[in-house]
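Not measured: the values here are computed from a predicted model. Chain letters run A, B, ... following the sequence lines, proteins first and then strands; every chain starts at 1.
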Amino acid sequence: MRAFSYEKPGTLAEAAAAGAREGAKYIAGGTNLIDLMKLEIETPAHLVDVNGLGLDRIEETAAGGLRIGALVRNTDLAADPRVRRDYALLTRALVAGASGQLRNKATTAGNLLQRTRCAYFYDTNMPCNKRAPGSGCAALEGISRQLGVVGTSEACIATHPSDMAVALRALDAEIETMRADGVARSIPIGEFYRTPGETPEIETVLGAGELITGVTLPAPLGGAQLYHKARDRASYAFALVSVGLVLREDGTGRIALGGVAPMPWRVEAAEAELGEGAAAACEMLFAGARPTEQNAFKLPLAERALAALLAEARS
Amino acid sequence: MPSDFETIPRETGAADGAPPRSEVSLTINGRDWSGVIDNRVTLLDLLREEIGLTGSKKGCDHGQCGACTVIVNGRRVNACLSFAVMHQGDAVTTIEGVGRPDALDPLQAAFVAHDGYQCGYCTPGQICSAKAVLEEIAAGVPSHVTRDLEAPIATTAEEIRERMSGNICRCGAYANILAAISEVAEGAR
Ligand SMILES: Cc1cc2nc3c(=O)[nH]c(=O)nc-3n(C[C@H](O)[C@H](O)[C@H](O)COP(=O)(O)OP(=O)(O)OC[C@H]3O[C@@H](n4cnc5c(N)ncnc54)[C@H](O)[C@@H]3O)c2cc1C
Ligand code: SF4
Ligand code: FES
Ligand code: FES
């Protein structure tokens, strides 16, 4: 691991200014960043510890929703009584991710910004456009079973690995940030992640040093809220495919998918097809999909997972 | 501008080009410890290499096995994915603090009674994790197998298995690990 200096600021303004300095990076739970620093995939010269900023509360908003601090741990978010009651999809997605130990450290912001688990991104001996821009993509001709089928590009077919983000996408969360100059903004999660295109190393619309301060959820949607995660072992494994579903009494609802794209995947038009069943919805969700031979199974797997959830929601 | 970083308070040793170090004080198994350490030292390496508490194990060093599980401020975490400098003021419990050979914790005794291990490498992490699991269920923290998110959670075998999935046992002693934890859970009820 490369050497780094360390500071733990006590105010948002100090943190946002420190994070914008050359070579600096924020650290929250550390469960993704430290992993990548050990492999020298991430090599920050300076770490800004954001654990002292008081961003660890969940508050009710005037609009009837919730504001979740950036540093709220995944365990605490999943266990919050308001989340369990009103945003069950979020609890279910969170507890499908990682392990109890990891969820105790993992934070809301860190989870959103975790990097891909593509094996070639992790293997510094292999070409990878995301890790080393311009070096090529080893996955295109390599083992791509875990990787993306839609929203990908010629340069990168990696997926975003978060379960939590799938729920937040279906629930229309907004991500609140503060820039180095102290200016705050709110970004709908549908506009937060970028498709890889030619620049897979750029994953979100965040500017240099832009600090995530929290995530807001609009007023509860109600309805049945379910999450299905298909993976190679029953627990403590990343998704091959995951499906988040909200189905309301009037038949309207939301669908978001994980494990298939460089971001939590949602196509609003597909939700109008919910009454027609899983096949019709998946046709729209996977319009333009470009699976590889090895991961084409993800399309029928997603469709069957959605069909199972629809049946469960209606029973 | 990395040179700016040399002026940051609480940090020593950066000016002479040596890897930056920081002062940290924390409590480990009820005893205070303080020292100046390289910022790169993980909590696991602090415990094992600097302090000599070798009960916590390094299986993977990447959060994938749970052998390094310790309890920080009452919560189980992977000590390998945590920098020691980030634990200023924290209270850490390792397997050495859970119990001693002459005063075993009920979970330690149950692991012995049920043969909850073969080589024993994963066992300190399993036991630290299991202690926290029983508390998490009692506190109503839901898991992936909890069906009703609002009702009290029963300590079933299914719940214990799911919650212990972050602790891998290379020897496959899972059935006996489950039996040991279930016995303690029943005793507590
Ligand atoms: C073995 C293993 C299995 C896992 N399985 C799953 C799984 O099944 N599903 C799943 O969803 N996840 C899984 N994870 C990933 C885990 O959820 C993430 O590591 C975790 O959520 C990251 O949160 P953190 O707070 O530890 O982030 P950190 O590691 O601290 O940070 C991650 C990134 O976010 C940035 N960052 C952190 N906070 C802020 C902020 N406030 N503002 C701006 N930038 C910030 C950091 O600079 C860094 O780039 C797994 C991890 C491991 C190690
Ligand atoms: S899919 Fe993306 S992350 Fe994986 S090797 Fe290709 S460029 Fe790298
Ligand atoms: S050594 Fe920490 S999880 Fe494996
Ligand atoms: S007893 Fe050998 S790894 Fe678990």
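- With a 4.5 Å cut-off on non-hydrogen atoms, A:Leu47 touches chain B through its side chain but not through its backbone.
- Between chain B and the residues A:Ala96, A:Ser235, A:Gly97, A:Ala98, the most heavy-atom pairs under 4.5 angstrom are made by A:Ser235.
- If you tally non-hydrogen atom pairs under 4.5 Å between each of B:His144, B:Arg40, B:Arg161 and chain A, the highest count goes to B:Arg40.
- With chain A as the partner, the residue from B:Ile168, B:Val133, B:Val72, B:Thr42 showing the most heavy-atom pairs under 4.5 Å is B:Ile168.
- Contact of A:Asn51 with chain B is made through the side chain alone, with heavy-atom distances under 4.5 Å.
- Taking chain A as the reference chain and counting heavy-atom pairs below 4.5 Å, the highest number among B:Gln64, B:Met86, B:Glu136 is found for B:Met86.
- Proximity to chain A is absent for every atom of B:Asp38, based on heavy atoms less than 4.5 angstrom apart.
- Only the backbone of A:Arg2 comes within less than 4.5 Å of a heavy atom in chain B; its side chain stays farther off.
- Donor-acceptor pairing under 3.5 Å is lacking for the side chains of B:Asn176 and B:His114.
- Heavy atoms closer than 4.5 Å to chain A are found in the backbone of B:Thr146, but not in its side chain.
- For the set A:Ala88, A:Gly29, A:Ser99, A:Ala79, the count of heavy-atom pairs under 4.5 angstrom toward chain B peaks at A:Ala79.
- Donor-acceptor pairing under 3.5 Å is lacking for the side chains of B:Ser34 and B:Glu23.
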